[in-house]
Structure formats: structure tokens, C-alpha cells
Amino acid sequence: MSQATLIDGKATAARVCGRIGEFVAILSGRKPGLAVVLVGEDPASQVYVRNKKRSTEEVGMFSIEHKLPAETSETDLLALVQQLNADSSVDGILVQLPLPKHLNSNLVVNTIDPGKDVDGFHVVNAGKLAVGDPTALVPCTPFGCLVLLRDLGKSLSGQEAVVVGRSNIVGKPMAALLLSQSCTVTIAHSRTKNLAATCRGADILVAAVGRSEMIPGGWVKPGATVIDVGINRIETESGKTQLVGDVHFDSAVQVAGAITPVPGGVGPMTIAMLLQNTLRTFCIREGVAEPEPTLLGVPC
Ligand code: NDP
């Protein structure tokens, strides 16, 4: 059987970032600013924050980092968020999740000015996305998945899309985005009765579960487009750590029409879309036209 087309998220992310960099380079006044807040020393979060800072600077944006100790009080964290809300040099604010357990993540996220909420997690932006309001700031990972799907050049309208996972940061916004593109959308989750049959009905299958290789090639409809959001660390027989997705790549690649690899698929798009969202909030605040990609019906 023929192999699926590999969807190269690294190349698409480089293209998006290249375009952002060109736009930022010719700005005559101040540069867009992204503030990232990290509380505690979670190793994975430290890597994400480091990568975000590097990518922000690579496109010529202004990066502000606030690293706070794990025992930071909620009052102090909320005060910092308010300070960043009021800072006119800051266009985007991102509080790295997960937060230490004594902090209320919802309260912190919903204290961010919705106009600076570049993660798109604020309830105002989630609501706007749900009602198809084009001014919504869209969560970066599903936004990146949509850009990859649009990049394939096939119409999404009328396609059967199945999203496995219903989290607020990936599954639900992904489903809303696919609906905005006129897909027929099914959201599956841990209580879905016949997950295999549900997946087999998908022209577009998005896996956002967090379980290593749980979706085998046998659940993939021949010719389907598979977007694997999962990032799971497993130990190989030789004792090395390897990154794998939620889809069993080796079997799925034999059946799918197109598929994202892990790593190198969705992952690089998440940071690219964070920068795109920051550029977007900058453009809105400065009253200048945003370069593509935009969303919700407008080309991306
Ligand atoms: P969550 O743990 O918040 O959500 C997982 C979802 O999967 C839940 O809705 C859960 O269902 C569902 N689920 C769990 N087990 C099963 C099962 N056996 N069958 C069907 N559904 C199941 O995860 P996230 O949405 O935050 O992340 C999902 C994956 O995406 C993770 O691997 C994460 O690392 C990755 N990720 C990757 C990013 C990237 O940049 N590429 C960014 C963000 C996440 P229920 O609601 O019923 O419990």
C-alpha cells in the first residue's frame, strides 16, 4: 500500500515565522512584546518557556520573562498579571500552565486582559470562538492544526471530522475551528462507546488524547488526513527516551492520505501561532492591518 503524504509542520511553522519576521523588521516604531510568566521549576515548562523566548526574539519581537518561585502567592501572581495588562509595551501575556496546585489557573487566566490573551484560554475568547466571532484569539495548538489542514489545499467543507479529546486547550477549540470551516464534527472522549468505528468514519482525524500510540492504523479510514497532537515520552528498549504521538504512526502512515509526524508535525506550529497571535494583538492595538494567516473564514 502507498504511504501517506507527510505534513511538514516544521516547514510550515518556518514559513509563518518568516513572514512574521519580515513584517516585524519593517515596523518603524515599537516592536510587538510578549510577556511569559513561569511559576515554579517544572522541567517541561522551563523548556517550553525557553523555546518561546528564543522564537520570539528570532522574529524580532520583544520578549519579557517573569520567573517566579513555586511558592508565589495568588495575590502576587494576579498583581503581576494586572501590571502586564497595564503595560503598553506588552501586546501578549502568557502564563505557562500547569501552575502549582495552590494557584487557581482559571482565575489567573481570566485576569489576563482578553485583548492580550495570546494563548486564547480566557473565557471571553473561548466564548467568541464558540459563537464564531472573528475577533476571537484562538488557542495556538488547534490554530496550528487548522493552518496545516488549510495548507493541504483541499476544501474542508462537508468533510467528516473526528476530534479525539475534549480539553479546553485542544479538543474543544479544535472542534469549534473545524465547525467554522463547515466540517461535520464529532468529538470523542474517554466515554465514547465505539471509538474505533467513530475514528474509521473520519475524513479528518485529530488525536489529542495524551496516550502513546493508542490509535492504530486499523482505525484510520483509507485516504484520511490524520493530525496527531499528542506528545508522549516513552522509553525505548535501549533505554532512550523517544517522543511519540497518540497515533501509531508506522501503521497509520500505510493507510492515511496525509499525516503529521511526531515530532515535527503539530509541535512547531504551536509556537508559530503564538507569535501570530502576538502579532495580531499588536496590530489591533496599533491599528494596523494584520498580515495573514487570520481565521474563521478568512484565509490562513
Ligand atoms: P487532556 O488530558 O486535557 O485531555 C485528554 C482528552 O483525551 C480528554 O478529553 C480525555 O477524555 C481524552 N481521553 C483520554 N483517554 C482516552 C481514551 N482512552 N479514549 C478516548 N479519549 C480519551 O490533554 P490535552 O488536550 O491537554 O493534550 C492532549 C495531548 O496533546 C497530550 O499528549 C499533550 O501533550 C498534547 N499537546 C500537544 C501540544 C503541541 O504543541 N503539540 C500542545 C498541547 C497538548 P475525558 O475528557 O473523557 O477524560
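Counting convention: from 1, in listed order, for ligands and their atoms alike. Quantities reported herein were computed from a predicted structural model and do not represent experimental measurements.
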For [X], what residues pass the side-chain contact (heavy atoms from CB on, under 4.5 Å) criterion, not counting sequence neighbours?
X      : value
Arg285 : Arg30, Ser88, Asp91, Lys116
Glu22  : none
Ser89  : Phe62, Asp87

Donor-acceptor pair between Gln276 and Arg19 side chains, under 3.5 angstrom: no
If you count the non-hydrogen atoms of other residues, nucleotides and ligands that lie under 6.0 Å from NZ in Lys31, is the total more than 12? yes
Looking at Glu41, I want to see if its CD is surrounded by more than 12 non-hydrogen atoms of other residues, nucleotides or ligands under 6.0 Å. no
Using heavy atoms and a strict 4.0 Å limit, residues surrounding ligand 1 turn out to be Thr141, Val164, Gly165, Arg166, Ser167, Ile169, Val170, His189, Ser190, Leu195, Ala208, Val209, Gly210, Arg211, Met214, Val229, Gly230, Ile231, Asn232, Val266, Gly267, Thr270
